[in-house]
Amino acid sequence: MPESRSRGRYGRYLREVLVVGDLLLVNLLFGILCWRHPDVLEHMGRLKWVIVSISYLPVALLLERARLQRALHIDRLLIESLRAVVLHALIFITLLVFLNADDIQAGYILEYYAMMIIGLPIEWIISRLIIKGLRHRGINYSRIVIVGTGDTARRLINAMLKDDGYGYRILGCFDDSPHDQLDVPYCGSLDRLEQFIIDNKVDEVFFALEGSAEDDLLKCINIADDTMVQFHYMPQISPYTGRQFELSNIGGLPVLTPLINPLNRPINRLCKRAFDFLFSSVALICSPILFIPIAIAVKISSPGPVFFKQKRTGYRGREFYCLKFRTMRVNADADKLQATSNDPRKTKIGDFLRRTSLDELPQFINVWRGEMSIVGPRPHMLAHTEQYKALIDRYMIRHMVKPGITGWAQVCGFRGNTDELIKMEKRVRADMWYIEHWSAALDLKIIIKTVVNAFSGEENAY
């Protein structure tokens, strides 16, 4: 029988260290609040530190899996840390009411959680980077073996080898009918698996055998149980699905559901709309600083209106008038032909506005009215919608979310004229990737990249 696991490699004391770090942070931030506002002590007394700490312990238990998840992506980590702040606030305020200490000023509580909203994500990111650095240096890893040598096993191996942050050290693969040579050792048939686990003190087994292998699956589960190692089953999902999946159960049977659109969830839509409304409100309040000189320049550049209004396809196929600063001379082809690099219809000021994306600023009005979002697939002309939905597979999926002022396709370089079908296909694929992988952090990343691109200039902006 193998010796006990957790021999100081993967996970030993990691959970406890991370929770203690979180507790130190929430108490430190509360200490800063008490230092800034000494009267807080009068309302909570000596129990204040106990209340703060107890409020976080349920959070640590509820979010333990997300907190310790290997190689957690930054955007997901930010979301989970914000969930931790909200849960702590609910528990903390409930305890204050229960202990009759709820007469503390609301402003103090808001200040405390404002500090935590900033501090906790930073602490989580720093701790993640430290753990990833340790794993990169061969500290805090898990010894694993993979059952299977087919395509699923190959994709799993590539993912693990690509990022040391997962904390896996692959000792080898097992398969009765091995495929082509892999980047890790082939250790033999399944008959050798149990003894190999014992001899090499394996921590985890990943079952990625393809085809109908029920007997082999049961055999590997029994071996994992007998040797007390963690067992993982890899579902046989085609790499061409390009989607994330959500696991649920029906009568004890596991069901995988593709997550086509995270914004189908009401809470996600509410968060995105709240951000759009606040962001666009601030932008419009500050807009005269840029709107007035741009409007004057547009009016001087050529006869015609300041704004260019064009019907475009919006959320779920609804038509709306998209607003822009006019960048061309008034012409009959404005709703038919896209702008090109040396388009004679463009004015000099219009060319500058397009290169810097300043012509899109009036679309904050569309965002404020709820017709658009700050981030999303760029809205297309009605003629393009009719044309491309017949030529490009899944084209209309891009209308499952509100169109945006900027989008993932634009910051990835897929903007400008789509004179070739392949260009539009790449843009649509990028839009679908954004829809399927949406997160608040991804939106923030796109906004930052858009601002950077606006200052540095873009080759396809014309």
Side-chain angles (χ1 to χ4, degrees), residues 75 78-79 82 110 114 117-118 263 268-299 301 305-315 318-328 339 349-380 398-399 401-412 415-416 431 434-435 438-458 460-462:
D75 56 349
L78 289 172
I79 293 173
L82 291 177
L110 290 176
I117 284 175
I118 298 173
L263 287 170
N268 289 342
R269 289 202 305 273
L270 178 62
C271 291
K272 188 170 176 65
R273 178 55 188 155
F275 175 79
D276 286 340
F277 182 79
L278 292 174
F279 196 105
S280 60
S281 296
V282 172
L284 291 175
I285 291 172
C286 301
S287 65
I289 299 174
L290 290 175
F291 274 43
I292 293 175
I294 292 176
I296 294 173
V298 170
K299 199 67 178 176
S301 66
V306 171
F307 295 114
F308 172 66
K309 297 195 301 182
Q310 185 180 65
K311 269 194 174 183
R312 298 200 178 185
T313 307
Y315 180 58
R318 300 166 190 162
E319 299 176 4
F320 74 101
Y321 281 103
C322 182
L323 301 175
K324 299 178 69 174
F325 281 119
R326 183 172 58 84
T327 59
M328 294 183 177
I349 185 63
D351 187 58
F352 169 76
L353 293 177
R354 283 177 173 271
R355 283 189 286 106
T356 57
S357 298
L358 290 175
D359 62 319
E360 312 285 359
L361 290 180
Q363 288 165 34
F364 282 110
I365 300 174
N366 293 116
V367 174
W368 193 82
R369 294 194 304 205
E371 298 165 334
M372 293 179 62
S373 178
I374 301 296
V375 180
R378 286 293 297 157
H380 290 163
R398 68 191 307 276
H399 301 108
V401 298
K402 290 181 181 180
I405 296 178
T406 185
W408 182 245
Q410 282 62 47
V411 299
C412 290
R415 64 170 295 180
D431 290 337
Y434 166 78
I435 293 172
W438 176 89
S439 71
L442 178 60
D443 276 1
L444 182 60
K445 177 180 179 180
I446 293 171
I447 292 172
I448 294 173
K449 292 190 70 172
T450 300
V451 174
V452 172
N453 290 344
F455 280 102
S456 61
E458 294 184 81
N460 295 327
Y462 46 77

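Sequence positions, counted from 1, serve as the residue numbers for this chain.
- Taking CD1 of Ile405 as the start and CD1 of Ile374 as the end, the distance is 4.5 Å to the nearest 0.5 Å.
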Worksheet item: Does the ring pair (Phe, Tyr, Trp, His ring centres under 6.0 Å) test come out yes or no for Phe307 and Phe325, once each step is laid out?
Response: CA-CA 5 Å; Phe307 295 114; Phe325 281 119; 5.4 Å; yes
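- Closest approach of Leu353 to Asp359, counting heavy atoms only: O-OD1, 3.2 Å.
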Discussion item. Walk me through whether Phe352 and Leu358 qualify under side chain to side chain contact (heavy atoms under 4.5 Å, CB included).
Written reply: CA-CA 8 Å; Phe352 169 76; Leu358 290 175; 4.0 Å; yes
Practice prompt. Could you please spell out the steps behind the side chain to side chain contact (heavy atoms under 4.5 Å, CB included) verdict for Lys272 and Trp438?
Written response: CA-CA 10 Å; Lys272 188 170 176 65; Trp438 176 89; 3.7 Å; yes
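- In this structure, the side chain of Arg326 does not engage the main chain of Phe308 through any donor-acceptor pair within 3.5 Å.
- Atom NZ of residue Lys449 and atom CH2 of residue Trp408 lie 5.0 Å apart, to the nearest 0.5 angstrom.
- In this structure, the side chain of Lys299 does not engage the main chain of Val306 through any donor-acceptor pair within 3.5 Å.
- Nearest heavy atoms, Tyr434 versus Gly376: CE2-CA, 3.9 Å.
- Gly404 and Pro379 make their closest contact through O-CD, 3.7 Å (heavy atoms, listed as atom of the first residue, atom of the second, distance).
- Counting only heavy atoms from C-beta outward, the side chains of His380 and Thr313 never approach each other to under 4.5 Å.
- A side-chain donor-acceptor contact under 3.5 Å links Gln363 to the backbone of Leu323.
- No donor-acceptor pair closer than 3.5 Å links the side chain of Arg378 to the backbone N or O of Asp431.
- Rounded to the nearest 0.5 angstrom, Ile296 CD1 and Ser301 OG are separated by 12.0 Å.
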Practice prompt. Verify side chain to side chain contact (heavy atoms under 4.5 Å, CB included) between Glu371 and Arg312, making sure each step is shown before the conclusion.
Written response: CA-CA 11 Å; Glu371 298 165 334; Arg312 298 200 178 185; over 6 Å; no
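- Contact annotation: the side chain of Tyr321 never approaches that of Gln310 to less than 4.5 Å [non-hydrogen atoms, C-beta and beyond].
- Side chain of Lys402 to backbone of Val367: no donor-acceptor contact under 3.5 angstrom is found.
- With rounding to the nearest 0.5 Å, the separation of OG1 in Thr327 from CD in Glu360 is 9.0 Å.
- Phe364 has its side chain within reach of Leu361: a pair of non-hydrogen atoms, C-beta onward, lies under 4.5 Å apart.
- Side-chain atoms of Thr406 and Asn453, non-hydrogen and from C-beta on, never get closer than 4.5 Å to each other.
- Crowding of Leu278 atom CG: a count of heavy atoms from other residues, nucleotides or ligands under 6.0 Å exceeding 12.
- A distance of 9.0 Å separates NZ in Lys324 from OG in Ser357, rounded to the nearest 0.5 Å.
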Worksheet item: Between Met372 and Cys322, is a side chain to side chain contact (heavy atoms under 4.5 Å, CB included) present by the stated rule, with each step listed?
Response: CA-CA 9 Å; Met372 293 179 62; Cys322 182; 4.2 Å; yes
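- Contact record, Val375 with Gly407: CG1-CA, 4.3 Å, taken as the closest heavy-atom pair.
- More than 12 heavy atoms of other residues, nucleotides or ligands shown are found within 6.0 angstrom of CZ on Phe291.
- The shortest side-chain heavy-atom distance between Ile447 and Phe275 falls under the 4.5 Å cut-off.
- How far CG of Asn366 is from OG of Ser373: 11.5 Å, rounded to the nearest 0.5 Å.
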